[in-house]
2 protein chains.
Amino acid sequence: MAKEARPGTGEQAKQLALAKLRQAILRGEMAPAQRLVENELAEQFGVTRASVRAALIDLASEGLVERIPNRGSRVRVVTVEEAVAITECRMVLEGLCAAKAAVEASEEQLAQLTELGEAMSKAVADGEPVTYSELNNELHSRIQEFSGQQVAEGLLERLNAQLVKHRFQLALRPGRPQRSLSEHLAVIEAIIARDPQAAEAAVRAHLGSVIEAYRD
Amino acid sequence: MAKEARPGTGEQAKQLALAKLRQAILRGEMAPAQRLVENELAEQFGVTRASVRAALIDLASEGLVERIPNRGSRVRVVTVEEAVAITECRMVLEGLCAAKAAVEASEEQLAQLTELGEAMSKAVADGEPVTYSELNNELHSRIQEFSGQQVAEGLLERLNAQLVKHRFQLALRPGRPQRSLSEHLAVIEAIIARDPQAAEAAVRAHLGSVIEAYRD
DNA sequence: GTCGGCAAAATTGTTGACAATCCTGTTGGC
DNA sequence: GCCAACAGGATTGTCAACAATTTTGCCGAC
């Protein structure tokens, strides 16, 4: 699943359409619940309708768009309840990754985590929520990578794609980075200490607080 | 050749192809790593190639088939390592569901679980591994359903589809049902006791033993 | 004035044909 | 005899046109 989506290389028409559409949706250029008419998209992206169609099927299985038979496609809106449910799944899956990472990661990789933690602290101290948000994503990705759990990684990639909007909004909330930071540092610390149970607990605590934040 | 239009059904061709293909793969009618040629499938199922194509894209995102650009589709073979990784994900996700079910389930639903547990005990006592395996699936499904966690349910559905073969093999292993049974009963007991932490721990213990069993 | 049905427009689903790509077996040169 | 280039066949990717379905605007009946 999740064939590589590299917008840079010259790929097939369908994959190009897929990349463009995904990018447009993730950037929020498509209004929530906006109708996605195959003909319009085909003209807009300079590909044929069949390619757009295939791309839409792919995106539907990723949960980014909703397809109703004979009635067309729309960008899927993620309600707050869904965001909470998704984050609950993230909670356990990232917990698994963190626990495995605490056991599997190399010393070099642990050093990378330490570095990331320092960069995040600096971003918060400097009051740069966007940079912090990016480092945040980076940290989560790295933990997944270091865990070697590719199945969980794939599932999380899909889940996160549905949350981009909510996550971004959350990062801009005043006071949120400070709290988030300390939770993240706790995760890093537990992994470096090679304590899988503590790492899992720390991740859960963190995402638990994210869930609380969503519920406003 | 006998492309009967089936006037009564009116089902969509793609979804029909998808259902047939999935069924064929799940039943093991397709040899492992067998090449899936779009033309052959189209003729075999009495639909057009485009429909088969769409179905294959869907199945690829479900992880049942593997699609290589310009080179076709094959049924994906799940190695033992992958089966373990998948089960690790099931472990945490079903743990989440069990914990939520322990809180959310109605009294009536708890009664259903009790019933299921008794049926499973009987199946083991009667030495009917197939019946037991079916009840086993039923139990897992019910717990997911009772949890109300639709996101996790969707993820698990996808993961389980990839494991059907391994799960079935496991069920037929001598001595396995006995051990499995006691673990399942522990899960049921914890949920009925409305103890989410114990329920999660019991599910994890169970799937942990499944992982051990896979590693032979 | 409102409701039910009807026809036209818009949109998706499907089809068959065409082009691009990849694998295979063969041939020619060294 | 072995390796590289080359045709041949097979398979996927793409395209434009056609059919089926749904939605929408409209008209007439009550």
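A quick note: this is a predicted structure, and the numbers were derived from the prediction, not measured. Each chain gets a letter, A, B and so on, in the order its sequence line appears, and its residues count up from 1.
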Any Arg71(A) side-chain nitrogen or oxygen under 4.0 Å from OP1 or OP2 of dT11(C):
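No, outside the criterion.
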Using atom types as modelled and distance alone, determine if a side-chain donor or acceptor of Gln149(B) lies under 3.5 Å from a backbone N or O of Ala85(A).
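Looks like yes, one N/O pair under 3.5 Å.
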Can a donor-acceptor pair be found, under 3.5 Å and without considering hydrogens, that links the side chain of Glu82(A) to the backbone of Thr79(A)?
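Such a contact is found between Glu82(A) side chain and Thr79(A) backbone.
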Scan for ring-ring contact (aromatic ring centres under 6.0 Å, His included) pairs involving residues 133-152 of chain B, sequence neighbours excluded, and state none if there are none.
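Output for this query lists His140(B)-His184(B), His140(B)-His206(B).
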Within residues 44-54 of chain A: residues closer than 4.0 Å to DNA chain C (heavy atoms)
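Those residues whose heavy atoms fall under 4.0 Å from DNA chain C, taken from residues 44-54 of chain A in numerical order, are Arg49(A), Arg53(A).
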Length of the line joining [X]:[atom1] and [N]:[atom2], which is rounded to integer Å:
| X | N | atom1 | atom2 | value |
| --- | --- | --- | --- | --- |
| Leu18(B) | dT14(C) | CG | P | 12 Å |
| Ile57(A) | dG13(D) | CD1 | C1' | 14 Å |
| Ile68(A) | dT12(C) | CD1 | C1' | 12 Å |
| Arg74(A) | dT23(D) | CZ | C1' | 14 Å |
| Leu56(B) | dT11(D) | CG | C1' | 13 Å |
| Glu66(B) | dT12(D) | CD | C1' | 16 Å |
| Glu38(A) | dT14(D) | CD | P | 15 Å |
| Asn70(B) | dC22(C) | CG | P | 5 Å |

Please list, chain by chain and in numerical order, all residues satisfying side-chain contact (heavy atoms from CB on, under 4.5 Å) with Ser73(B), sequence neighbours excluded.
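For Ser73(B) the side-chain contact (heavy atoms from CB on, under 4.5 Å) partners, ignoring immediate neighbours, are Leu36(B), Leu56(B), Arg67(B).
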Quick one: side-chain contact (heavy atoms from CB on, under 4.5 Å) partners of Ser61(A), sequence neighbours excluded?
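For Ser61(A) the side-chain contact (heavy atoms from CB on, under 4.5 Å) partners, ignoring immediate neighbours, are Ser61(B).
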Pair listing, salt bridge (charged side-chain N to carboxylate O under 4.0 Å, His left out) test, anchored in residues 205-216 of chain A, at least two apart:
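Residue pairs with at least one partner in residues 205-216 of chain A: Arg173(A)-Asp216(A).
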With sequence neighbours excluded, residues passing ring pair (Phe, Tyr, Trp, His ring centres under 6.0 Å) with Phe45(A):
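Phe45(A) satisfies ring pair (Phe, Tyr, Trp, His ring centres under 6.0 Å) with no residue once adjacent residues are dropped.
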Pick base, sugar-phosphate or nothing for Leu36(B), based on heavy-atom distances below 4.0 Å to the nucleic acid.
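If one applies the 4.0 Å heavy-atom cut-off, Leu36(B) turns out to touch the sugar-phosphate alone, with no base involved.
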Which nucleotide in the set dT11(C), dT12(D), dT21(D) lies at the smallest distance from any side-chain heavy atom of Val37(A)?
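Of the candidates, dT11(C) comes closest.
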